[in-house]
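Have a look at the structure below, then the notes.
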Amino acid sequence: MAILKTAGLSINFGELWAVNKVDFEIDYSQIVGLIGPNGSGKTTFLNIVSGIYGATQGSVHLAEEEITNLRPFEIYQRGISRTYQSSRLCWDLSVADNLLVGTYTSQGYSLFDAIFKPKKVNNIIYDYLQESLDLLSYFNPDLIDKRYVLAKNIPHIDRRRIEITRAMMGKPKVLLLDEPTAGLNDEETMEMMDDIRKIKEKMQDIAIIIIEHDMKVMEEVPERIVVFNAGAKIFEGVYDEMLQDKGVVDAYIGGAQ
Ligand SMILES: Nc1ncnc2c1ncn2[C@@H]1O[C@H](COP(=O)(O)OP(=O)(O)OP(=O)(O)O)[C@@H](O)[C@H]1O
Ligand SMILES: [Mg+2]
């Protein structure tokens, strides 16, 4: 059964239809890979689903509920979390502080609480930090000892892990990963593939959409692949079928290899 479904989803920037009539579905606990040439609309698609851009046409449903054009925090609260193609960490904050960014909105305490009920807020923050450090250490146990190290001084892959942990702390039903292996070397890419499997171990029902250019990741991680070209969905199916698909080869694979 579909947890996330888009129908005819479209957005234009002037003359350009960056996402064009996309029908897309992902089931509970499925991993779907989203690929396509640069500028084919992959990130824009995630931006509409997560509420950053409003759709020009079409709809987005999360399970039974229509969530088209709700605001980002409303969509997050309903169960869609994401990471970004380029890092959103604060370089001059520690690992722990970066994990805490966002607690204010997600943990339901107000500015009033922060001023007049410091003990309550302190407990909320402490519990949240413990839980997020536990989760982060599941990806790399060394990060517990590095919790006070500044984000700019830890390896790139560990920064990605912080962003994934932060997204998972929202207890999402759907997790959107925009190029999680961008900038990683081959060895780190293998580690990231393991990390994605670990997400599934922790949260069995979670559905994951992963945007990737790395074909090895696409071969190994997703159960199903969707290919975009010029804003439109041109293929969906399994990896081996995709390799044989003439439209995909012409638009993407031929150029990517
Ligand atoms: N806010 C915006 N205003 C105008 N054009 C935009 C905007 N956002 C995206 N676009 C355009 O929409 C198209 C799709 O961009 P998008 O970032 O979704 O591509 P992508 O498939 O994620 O590419 P990449 O693989 O390089 O990350 C591009 O032509 C881009 O320039
Ligand atoms: Mg992109």
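Note that this is a predicted model, so its numbers are computed, not measured. No hydrogens, no waters, no symmetry mates; every other heavy atom, side chains included, goes into these values. Note that ligands are numbered from 1 as they come in the structure, with each ligand's atoms numbered from 1 the same way.
In this structure, Phe228 and Phe45 have perpendicular ring planes: the angle between them is above 60°, well past the 30° mark.
Aromatic rings of Tyr53 and Phe13 (six-membered ring for Trp) have centroids within the 6.0 Å cut-off, being under it.
Considering CG of Leu150 and CG of Asp97, their distance stands at 9.0 Å, rounded to 0.5 Å.
Taking only nitrogen or oxygen atoms, main chain and side chain alike, Phe45 does not reach within less than 3.5 Å of ligand 1. Checked by distance only, ligand 1 and Gly41 come closer than 3.5 Å through their nitrogen or oxygen atoms.
At least one N/O/S atom of Thr43, whether from backbone or side chain, sits less than 2.8 Å from the Mg ion (ligand 2).
Contact annotation: for Asp178 versus ligand 1, there are no heavy atoms closer than 4.0 Å. Within the 4.0 Å heavy-atom criterion, neither part of Phe228 lies near ligand 1.
Assignment of Gly36 to the shell around ligand 1 is not supported, since no heavy atom sits closer than 4.0 Å.
Put simply, atom 31 (O) of ligand 1 has no protein non-hydrogen atoms near it, under 4.0 Å away.
For atom 17 (O) of ligand 1, the nearest protein heavy atom (residue, atom name, distance) is Thr43 CB, 3.8 Å.
At a cut-off of 3.5 Å, with distance as the only test, no side-chain donor of Arg159 or Ser87 sits close to an acceptor on the other residue.
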